[in-house]
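Inspection log for the structure reproduced underneath, given as structure tokens.
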Amino acid sequence: MGHVLEKVLADVCARWFRLKGDEVRFQIGTDEHGIKIQRTAEKEKLSPQDLVDRNVPLFQELYKKLNVSADVFIRTTDQKMHWPTVEALWKKLQDSGALEKRSYTGLYCQGCERFLTKKELVDGKCPIHLTPPEEVTEQNWFFKLKEQETWLKKILKDEYKIIPDFRAKETLSLLDQGLEDVSFSRPKTSLAWGIPVPDDTEQVMYVWCDALTNYISGLGYFTDHAESKFWDDATVTHVIGKDIARFHALIWPAMLKHAGVKIPDQLLIHGFLTSDGQKMSKSLGNVVHPPEVLEHFKGNPDPLRFYLSHEIPVGNDGDFSWERIDALYNSMLRNNIGNLLNRVLTLITKEGGDMQLDTKQSGVETWEAFAKDMDAMNISDAIRHPAALADESNKLFNDRAVWKLETAEKKVQLSFVAERLRHIALMLLPFIPDTAQKISKQLGVSYADKMLDKDFTIDAWKGWGADKKWTKVGTPEILFAPLEEAK
RNA sequence: CGCGGGGUGGAGCAGCCCGGUAGCUCGCAAGGCUCAUAACCUUGAGGUCGCAGGUUCAAAUCCUGCCCCCGCAACCA
């Protein structure tokens with residue numbers, strides 16, 4: 001579920017900037033190397049490659065169902081697109097003197113097949129296997145991170161913006177505690193499943209140089225540079241989980257510095273999801289699988305997208321609960337927005353279906369505030385603007401008792417609310433694209449068919465009464481069906 | 001003294017940076033409306049804002065101390 005939060009968050013941002021007319025390159029991917037994959041494959045009697053080839057399409061499928069509008073999906077096992085960049089980067093690091101081969105001595109547990117830290121030990125023994133670990137020495141390539149401390153402090157203050165703020169502070173305090181050099185490779189004997197170190201047949205790259213590099217390998221870096229303008233001339237934003245934040249904040253810019261590549265501009269760090277207030281874990285049996293949520297809403301990704309956007313302030317941990325998502329679906333989507341659309345359209349249709357919009361006074365004042373929140377990626381705040389507008393419109397509908405008015409005035413009032421709904425749909429477009437389009441289609445606006453195209457922009461449509469060709473509304477349909485008896 | 005987040009009506013949260021009638025969603029109660037997806041609108045009940053001190057004319061909001069919950073503690077993704 002965590003990765004879904006991340007992809008939806010990134011997708012909402014990507015869609016927003018596209019809608020603003022920016023050129024956007026939205027990349028996601030999978031890190032498919034490492035000892036865990038290797039071991040799982042052994043257990044299942046598969047080759048590691050077969051294992052990831054089986055699993056990765058499942059993720060891709062899921063993202064597609066969630067309407068994640070990624071332009072590129074990078075797999076770290078992709079030897080054509082990914083590996084050449086990684087190898088080139090490694091060499092650049094080596095040439096710049098950032099890498100050094102050293103021997104590393106650690107406490108190795110045979111049962112776990114990995115090094116343990118002193119703090120993990122209980123009475124000097126591995127807590128899982130209850131055996132004392134042995135001292136093992138192996139050769140590793142190390143990346144000299146420590147010497148970048150001062151530089152990192154500087155760029156984290158001035159150039160590399162971490163969102164939210166408290167994470168930036170956290171990272172800086174991490175720097176104050178001092179950095180260690182980082183192991184960048186493993187002997188083939190302990191890690192076979194990875195990218196071989198160039199010119200060193202005994203060593204395989206460890207995760208950092210491999211996985212982090214996906215951001216630029218997807219742009220053709222060091223090879224054909226096909227899309228490198230999306231790095232060099234763009235605002236680069238990484239969207240990641242708090243668990244890997246420090247590596248993105250520290251190791252990655254240091255690597256880029258050595259390679260002579262621009263450092264990223266922003267690091268958006270999101271929190272984790274709990275399930276009914278508890279950490280999701282297999283032993284507790286409270287893990288929520290995204291496909292279940294999709295199925296719960298009949299394959300419609302929008303309730304989940306809306307939930308994640310609405311309930312979880314960017315950067316904080318959030319909670320997933322079936323009760324909450326149902327409640328939000330009913331109150332916001334169904335009763336507030338869906339019902340408003342329906343009552344308006346039904347009445348307009350009874351009056352012949354014509355729009356009679358008074359274009360003199362605007363009924364939408366929230367675009368500026370909305371755009372400000374979106375630009376700052378405060379998506380949980382941003383999404384409240386269209387919701388509030390719908391809320392207000394329901395009130396207005398009652399206050400003015402629109403259904404009782406005389407025909408002429410009734411048409412004007414109905415058109416007023418319909419026009420508001422047009423704006424609501426535009427604001428919702430980054431969050432729940434399918435629904436936003438459905439609303440627009442029912443309203444009958446002229447651009448409804450084009451809304452989901454990647455080159456659709458909203459600027460021309462933000463004005464009050466901007467859609468001059470809009471004269472008639474479409475047929476009202478139920479936007480969000482009632483939920484069946486809850487699970 | 002490891003680091004960070006949090007403790008606000010029954011539930012989930014906002015407000016705290018930039019002190020001054022405690023707000024939102026859900027739930028609950030009463031009323032209204034009937035255009036609409038038993039939806040929509042209004043009103044109400046319910047909070048000593050974790051605890052204890054301090055600053056101030058005034059503190060949920062600033063300062064100090066304490067208690068409780070939750071993550072992370074570095075190569076392990």
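In what follows, every chain begins at residue 1, and chains take the letters A, B, ... in the order their sequences are listed. Being a predicted model, the structure only gives us computed values, none of them experimental.
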Rounded to whole angstrom units, what separation is found between the [atom1] atom of [X] and the [atom2] atom of [N]?
X: A:Arg334; N: B:U25; atom1: CZ; atom2: C1'; answer: 16 Å
X: A:Glu392; N: B:C24; atom1: CD; atom2: P; answer: 14 Å
X: A:Trp208; N: B:A74; atom1: CH2; atom2: P; answer: 12 Å
X: A:Ile325; N: B:C13; atom1: CD1; atom2: P; answer: 16 Å

Is it true that A:His423 and A:Phe370 have ring centroids separated by less than 6.0 Å?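 Centroid distance A:His423-A:Phe370: not below 6.0 Å, so no.
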Nearest-Å distance once atom [atom1] is located in both [N] and [M]:
N: B:G54; M: B:G31; atom1: C1'; result: 48 Å
N: B:C17; M: B:U34; atom1: C1'; result: 48 Å
N: B:G47; M: B:A14; atom1: C1'; result: 15 Å
N: B:G19; M: B:C57; atom1: C1'; result: 12 Å
N: B:G44; M: B:G5; atom1: P; result: 38 Å
N: B:C63; M: B:G23; atom1: P; result: 25 Å
N: B:A73; M: B:G4; atom1: P; result: 15 Å
N: B:C51; M: B:U8; atom1: P; result: 10 Å

Where the side chain of [X] is defined as all heavy atoms beyond and including C-beta, which of [options] is the nearest nucleotide?
X: A:Ile35; options: B:A73, B:G12, B:A77; value: B:A77
X: A:Val182; options: B:C75, B:U42, B:U37; value: B:C75
X: A:Lys36; options: B:A77, B:U25, B:C41; value: B:A77
X: A:Ile244; options: B:A77, B:C75, B:C40; value: B:A77

Can you name the one residue among A:Gln94, A:Arg186, A:Met205 that meets side chain to side chain contact (heavy atoms under 4.5 Å, CB included) with A:Trp141?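 Exactly one option meets the side chain to side chain contact (heavy atoms under 4.5 Å, CB included) with A:Trp141, and it is A:Gln94.
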At 4.0 Å (heavy atoms only), tell me whether [X] reaches a base, stays on the sugar-phosphate, or touches nothing.
X: A:Gly338; value: base
X: A:Val207; value: sugar-phosphate
X: A:Asn335; value: sugar-phosphate
X: A:Asp391; value: sugar-phosphate
X: A:Arg400; value: nothing
X: A:Leu414; value: nothing
X: A:Phe480; value: base

In plain terms, say whether [X] and [Y] are close enough for a salt bridge, that is, a side-chain N and a carboxylate O under 4.0 Å apart.
X: A:Asp381; Y: A:Lys372; answer: no
X: A:Lys395; Y: A:Glu392; answer: no
X: A:Asp200; Y: A:Lys101; answer: yes

Just how far is it from atom CG of A:Asp354 to atom NZ of A:Lys411, taken to the nearest 0.5 Å?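 Answer rounded to 0.5 Å: 5.5 Å.
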Hey, could you give me the CG/CD distance between A:Leu345 and A:Glu477, rounded to the nearest 0.5 Å?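 The distance works out to 10.0 Å.
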Which residue lies more 5' along RNA chain B, comparing A:Leu179 with A:Ala481 via nearest heavy atoms: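 Of the two residues, A:Ala481 wins.
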Between A:Asn339 and A:Lys242, just flag the one whose closest nucleotide in RNA chain B comes earlier from the 5' side.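 The residue closer to the strand's 5' end, by nearest nucleotide, is A:Asn339.
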Its dot-bracket string being built from Watson-Crick and G-U pairs below 3.5 Å, with | for another strand and [ ] for crossing, RNA chain B has the pattern .(((((((.[[[[.)....(..]]]].(((((.......))))).....[[[[[..)....]]]]])))))).....
My understanding is that only residues two or more places apart in sequence, or in another chain, count here; which of them pass side chain to side chain donor-acceptor pair (under 3.5 Å) with A:Thr213?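 By the side chain to side chain donor-acceptor pair (under 3.5 Å) rule, A:Thr213 matches no residue at all.
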Keeping A:Asn336 on the side-chain end and A:Ser331 on the backbone end, is there a donor-acceptor pair under 3.5 Å?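 Not confirmed, A:Asn336 side chain does not pair with A:Ser331 backbone.
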Polar contact flag, side-chain donor to acceptor under 3.5 angstrom, A:Tyr329-A:His296: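 Distance-only check fails for A:Tyr329 and A:His296.
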List the protein contact pattern of nucleotides 27-35 of chain B with one symbol per nucleotide (5' to 3'): B for base contact, S for sugar-phosphate-only contact, - for none; contact means a heavy-atom distance under 4.0 Å. -----BSSB
Quiz item: cation-pi between A:Arg334 and A:Phe480, 6.0 Å / 45°: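 Judged by the rule, A:Arg334 and A:Phe480 form no cation-pi pair.
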